[in-house]
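These notes concern the structure reproduced below.
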Amino acid sequence: MDEGNTEQTDNEDLSTQLDNDAKSVNIGSGVRIDGRIEGAETTDVSGTLTGTLKSSNININSKGTFSGDMSGQEITISGNVDGEINSEDYLIVNDSADIKGVIEYASLQVSYGARIQGTLRHRGTVKSYSPVSSDEVKEDEISEDQEVDQ
């Protein structure tokens, strides 16, 4: 009787360990996957992934290789990527990265030594500033002085 209860407890522990409520995907070194990953919170690639990847947080490690289309909020690349990258928040490209393709980003950080071949597109608005001439500054100062004197 006691043995039956022990087995049931072991099975419950095993099922608890197998639950992945964190929605994380890990592709280990030497593992190759062809297909589509969608809805993961965190995806960590040390092996080879070919296909489509949609995840909130993507990390392509230095030994990792990705080929296809990827999109996410926070993307860090240290390995090889060939395809389209769409980063909604920020993209960090480390010095060991080798990227070929189209990159769309809101914020970009590239380390010295990284290799990027392709097209970079900034998403969002780009603010442009026009220089202010010294005459305009003097007029503004005069207006402020007159208002103070009154």
Side-chain angles (χ1 to χ4, degrees), residues 1-137 140-141 144:
M1 232 4 171
D2 290 335
E3 288 180 19
N5 290 339
T6 304
E7 287 179 24
Q8 188 175 19
T9 304
D10 290 343
N11 288 337
E12 288 174 8
D13 289 341
L14 181 61
S15 67
T16 303
Q17 292 172 356
L18 296 178
D19 285 344
N20 190 356
D21 291 336
K23 296 183 180 179
S24 64
V25 175
N26 293 314
I27 301 171
S29 182
V31 175
R32 178 180 171 83
I33 295 180
D34 294 330
R36 177 184 201 118
I37 296 173
E38 260 187 66
E41 282 296 316
T42 303
T43 302
D44 191 37
V45 179
S46 294
T48 302
L49 174 59
T50 303
T52 303
L53 173 57
K54 294 181 181 179
S55 180
S56 296
N57 187 332
I58 299 171
N59 186 22
I60 309 296
N61 294 314
S62 59
K63 294 181 181 180
T65 301
F66 177 81
S67 181
D69 297 335
M70 86 168 63
S71 62
Q73 278 92 22
E74 302 169 0
I75 300 174
T76 303
I77 299 175
S78 300
N80 298 317
V81 174
D82 187 357
E84 188 168 327
I85 301 168
N86 187 339
S87 174
E88 294 175 20
D89 288 340
Y90 67 83
L91 173 63
I92 298 173
V93 181
N94 291 321
D95 59 350
S96 59
D98 188 0
I99 301 173
K100 295 176 186 165
V102 177
I103 301 169
E104 190 169 332
Y105 63 93
S107 175
L108 176 66
Q109 175 185 329
V110 180
S111 296
Y112 181 78
R115 292 169 301 284
I116 300 175
Q117 297 176 1
T119 304
L120 296 174
R121 283 189 222 139
H122 182 266
R123 32 175 344 142
T125 59
V126 177
K127 296 180 181 179
S128 62
Y129 298 96
S130 59
V132 177
S133 69
S134 58
D135 293 338
E136 290 175 9
V137 172
D140 289 342
E141 289 174 359
E144 289 173 7

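Because the structure is a prediction, the values reported are computed rather than measured.
- Side-chain atoms of N57 and N59 include no donor-acceptor pair closer than 3.5 Å.
- When the options I116, L91, D95, I103 are evaluated for a side-chain contact (heavy atoms from CB on, under 4.5 Å) with V110, the one that passes is I116.
- Shown here for G39 and K23, the closest heavy-atom pair between the two residues is O-CD, 3.8 Å.
- Checked against I33 for a side-chain contact (heavy atoms from CB on, under 4.5 Å), the options L53, L49, T50 give a single hit: L49.
- Contact annotation: the side chain of V93 approaches that of I99 to within less than 4.5 Å [non-hydrogen atoms, C-beta and beyond].
- Within the model, atoms CD1 of I60 and CG of D44 stand 8.0 Å from one another, a figure rounded to the nearest 0.5 Å.
- Nearest heavy-atom pair, R115 versus S96, reported as atom, atom and distance to 0.1 Å: NH2-O, 3.9 Å.
- Between the CD1 atom of I75 and the CD atom of E88 there is a distance of 8.5 Å, given to the nearest 0.5 Å.
- Counted by atom type alone, S71 and N86 present zero donor-acceptor pairs between their side chains at under 3.5 Å.
- Judged by distance alone, the side chains of N61 and S46 do bring a donor and an acceptor atom under 3.5 Å apart.
- Two residues are said to be in side-chain contact when any heavy atoms from C-beta on lie closer than 4.5 Å; N94 and I77 fail this criterion.
- Taking the side chain as every heavy atom from C-beta outward, F66 and D82 never approach each other to under 4.5 Å.
- S62 and S78 share no donor-acceptor pair across their side chains, judged by distance under 3.5 Å alone.
- Between D89 atom CG and Q73 atom CD the span is 5.5 Å, to the nearest 0.5 Å.
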task: List the steps and the verdict of side-chain contact (heavy atoms from CB on, under 4.5 Å) for I37 and K54.
output: CA-CA 6 Å; I37 296 173; K54 294 181 181 179; over 6 Å; no
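- With respect to the salt-bridge test (charged N to carboxylate O, under 4.0 angstrom), the residues D34 and R32 qualify.
- Atom-to-atom distance recorded for E84:CD and D69:CG is 5.0 Å, nearest 0.5 angstrom.
- Here the CZ-CZ distance, from R123 to R121, works out to 10.5 Å after rounding to the nearest 0.5 Å.
- In terms of modelled atom types and a separation under 3.5 Å, the side chain of H122 and the main chain of E104 share no donor-acceptor contact.
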task: Check step by step if side-chain hydrogen bond (donor to acceptor under 3.5 Å, both in side chains) holds for T42 and S24.
output: CA-CA 5 Å; T42 303; S24 64; over 6 Å; no
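- In this structure, the side chains of M70 and I58 come closer than 4.5 Å at one or more pairs of heavy atoms.
- S87 OG to E74 CD: the interatomic distance, rounded to the nearest 0.5 Å, is 8.5 Å.
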